[in-house]
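Note that these values count all heavy atoms, side chains included, but never hydrogens, waters or copies made by symmetry.
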Amino acid sequence: MADPHRGLDAQGYIAREGSLGRVQEPFRPVVAAARDRLLDVFGARLTGAYLYGSVPRGTARPGRSDLDLLLVLRAGPTEADRTDARSLDAALDKEFPQVDGVSTLVYGRARLLSEAETYDMGWFVACLCTPLLGEDLAEYLPRYRPTSRLARETNGDLAARLPRWRERIARAATADERRALDRTVARGLVRTAFTLVMPRWNGWTGELDRMAEVFAEYYPRWAPQVRAAAAAGYAPTGDTDVLRGYTEELGPWLADEYARVHGTKDGGPEDA
């Protein structure tokens with residue numbers, strides 16, 4: 001039987017999380033505006049678009065949650081494409097106070113369907129993204145179980161991410177920049193902590209607080225740090241000591257333990 005409490009279907013595969021039907025009333029206007037403007041801005045360049053995160057899961061908090069989008073283009077994205085996406089993000093964020101930021105990932109169709117991305121961005125599209133418009137690439141992707149291979153291919157590049165995070169933290173000059181980094185790094189660490197234990201727990205959840213609690217069952221020594229990171233993922237402070245703790249304490253331990261348990265992903269992609 002399906003285990004919805006662990007995010008699995010009747011066959012033990014990770015069930016796709018989220019749907020347009022779960023979008024709460026306060027967020028429906030911004031989702032509708034995003035859909036219309038994506039077509040206006042990208043037109044024939046676009047083959048499809050998705051929502052992901054708390055908005056399609058129906059757990060978003062008005063005024064505190066961000067809106068996350070993923071665009072699929074016919075060709076690999078150019079700098080002009082990324083500029084268009086950033087401009088759209090800024091306009092939506094300014095117009096709709098119910099979202100605390102809008103973030104859009106932009107990928108080419110071929111990359112998302114490539115063998116190299118099957119257990120990383122392919123899984124992300126098939127299991128964590130909700131179709132908003134256009135083609136759904138899940139039709140061409142396999143079904144996924146919460147395995148060690150999936151853990152390695154999704155988050156086995158933490159050791160490579162840590163130096164980039166340190167550089168970005170060192171360059172952050174304003175409180176807003178530090179808060180944005182707090183949210184990004186905290187979420188990345190909590191998701192990595194969760195996928196470290198995901199195969200043993202044999203399930204999937206997209207909620208940061210539940211991820212932290214599942215992790216705590218297996219690593220109680222590090223549970224307070226991961227719970228604090230989950231809280232920061234929802235309400236970041238940008239405190240410099242907290243940021244330093246991510247990259248100098250929790251992060252290095254987590255990278256080493258991840259490599260010991262699941263191995264290391266080769267050639268992890270840069271942060272989108």
Would you confirm whether [X], through its side chain, and [Y], through its main-chain N or O, come within 3.5 Å as a donor-acceptor pair?
X: Arg178; Y: Asp239; answer: no
X: Asp157; Y: Ala160; answer: no
X: Ser114; Y: Arg111; answer: yes
X: His262; Y: Arg149; answer: no

Minimum-distance pair of heavy atoms, taken over all atoms of [X] and [Y]:
X: Ala230; Y: Val190; answer: N-CG2, 3.4 Å
X: Ala235; Y: Arg64; answer: CB-NH2, 3.4 Å
X: Gly251; Y: Leu158; answer: O-CD2, 3.7 Å

Linked, directly or transitively: [X] and [Y] (ILVMFWY side chains, under 4.5 Å):
X: Trp222; Y: Val185; result: yes
X: Val31; Y: Phe42; result: yes
X: Leu73; Y: Leu88; result: yes

Legend entry - Arg152 to Tyr119, cation-pi by 6.0 Å centre distance and 45° axis angle: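 Cation-pi check for Arg152 and Tyr119: fails.
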Could you check if a side-chain atom of [X] sits within less than 4.5 angstrom of a side-chain atom of [Y], using non-hydrogen atoms only?
X: Leu51; Y: Asp68; answer: no
X: Thr118; Y: Pro142; answer: yes
X: Thr147; Y: Pro199; answer: no
X: Pro146; Y: Leu8; answer: yes
X: Tyr107; Y: Leu71; answer: no
X: Ile169; Y: Tyr246; answer: no

Pair [X] + [Y]: basic N to acidic O under 4.0 Å:
X: Arg200; Y: Glu217; result: no
X: Glu95; Y: Arg37; result: yes
X: Glu213; Y: Arg210; result: no
X: Arg86; Y: Glu79; result: yes
X: Glu249; Y: Arg244; result: no
X: Arg227; Y: Asp209; result: no
X: Arg179; Y: Asp176; result: yes
X: Arg57; Y: Glu207; result: yes

Inset, instruction - Check the angle between the aromatic planes of Tyr52 and Phe124 and answer parallel, tilted or perpendicular using the 30° and 60° thresholds. - result: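 Answer is perpendicular, since the angle exceeds 60°.
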Inset, instruction - Determine whether the aromatic ring centres of Trp201 and Phe194 lie less than 6.0 Å apart. - result: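 Aromatic pair counts; centres sit under 6.0 Å.
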Inset, instruction - Apply the test side-chain hydrogen bond (donor to acceptor under 3.5 Å, both in side chains) to residues Tyr258 and Thr195: give CA-CA distance (whole Å), side-chain angles for both, the deciding distance (0.1 Å), then the verdict. - result: CA-CA 9 Å; Tyr258 213 94; Thr195 52; 2.8 Å; yes
Inset, instruction - Show your working on side-chain hydrogen bond (donor to acceptor under 3.5 Å, both in side chains) between Ser87 and Asp84 and close with a plain yes or no. - result: CA-CA 5 Å; Ser87 297; Asp84 285 344; 5.5 Å; no
What donor-acceptor contacts under 3.5 angstrom involve side-chain atoms of residues 96-105, with partners at least two apart or in another chain?
unit_1, atom_1, unit_2, atom_2, d
Gln98, NE2, Pro26, O, 2.8
Asp100, OD2, Arg183, NH2, 2.8
Thr104, OG1, Asp89, OD1, 2.5

